[in-house]
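Structure, as structure tokens:
Convention: sequence-line order gives letters A, B, ...; per-chain numbering from 1.
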Amino acid sequence: AQKVTQTQTSISVVEKTTVTMDCVYETRDSSYFLFWYKQTASGEIVFLIRQDSYKKENATVGHYSLNFQKPKSSIGLIITATQIEDSAVYFCAMREGDSNYQLIWGSGTKLIIKP
Amino acid sequence: GPKVLQIPSHQIIDMGQMVTLNCDPVSNHLYFYWYKQILGQQMEFLVNFYNGKVMEKSKLFKDQFSVERPDGSYFTLKIQPTALEDSAVYFCASSLVLGGREQYFGPGTRLTVL
């Protein structure tokens, strides 16, 4: 069955440090796509970064990078040099293959960046 | 990044009434989606729409729900009649192609059914 699990409900870190958020997924497909989105305090949902299952290299976009561990079905999000405005709820999501259209979402991790 | 617009931002209606939620997807996108988020909970997929047809829908997409995009205008989600459990934030999303590309989300419409 398809499932995305984020076990960290909330994380609090000091500004300018590095934070890692965990996500594990379950799928029977050999081809799938993994995404991280953030939802700001206003409710806006912003796409951050994507990892295609067939790619071995970890994706990196700006100060976001992924730790893709395929044997463990894990896709962690790493944010370096955190800023106050990174405070948000971060969602991990998965889409399976090319025959499914929907995103399966995790429950989210609330990130609090303290000054 | 690409912008998806949703109108209205907030809608309050009485149970049993009809409501239409409007989405203006990114102009060159071909795939459209509706998701439902109950306050404080995770996002849940409702339906995907392409080339004038529903491609996939979840169990949450009840018979009272319908979607359409007449002549390239708004992509709409209609609920008729509404129920109390329909109260949630509804997010519209669009994507250019299907193959693993990211979906871009609108700001959501908060629906309150009294």
Quick one: which residues of residues 103-112 of chain B reach chain A at under 4.5 angstrom, heavy atoms only?
Q103(B), Y104(B), F105(B), P107(B)

Mind checking ring pair (Phe, Tyr, Trp, His ring centres under 6.0 Å) for Y32(A) and listing every partner two or more places apart, or none if nothing turns up?
Y25(A)

For residues 15-58 of chain B, pull every pair meeting disulfide (SG to SG under 2.5 Å), keeping only residues two or more places apart or in separate chains.
C23(B)-C92(B)

Partners passing side chain to side chain contact (heavy atoms under 4.5 Å, CB included) against K3(B) (at least two apart in sequence or in another chain):
E44(A)

Exam field: side chain T76(B) to backbone T20(B), donor-acceptor pair closer than 3.5 Å
no

Measure distances from Y50(B) to the heavy atoms of chain A and classify the residue's part below 4.5 Å as side chain, backbone, both or neither.
neither

Side chain of S87(A), backbone of I113(A): donor and acceptor closer than 3.5 Å?
yes

Which atoms of Q6(A) approach chain B - backbone, side chain, both or neither, heavy atom under 4.5 Å:
neither

Determine the sole option in E56(B), K57(B), E44(B) for which the side chain to side chain donor-acceptor pair (under 3.5 Å) test with Q102(A) is passed.
E56(B)

Any donor and acceptor pair, going by atom type alone, linking the side chain of S74(A) with main-chain N or O of V24(A) inside 3.5 Å?
no

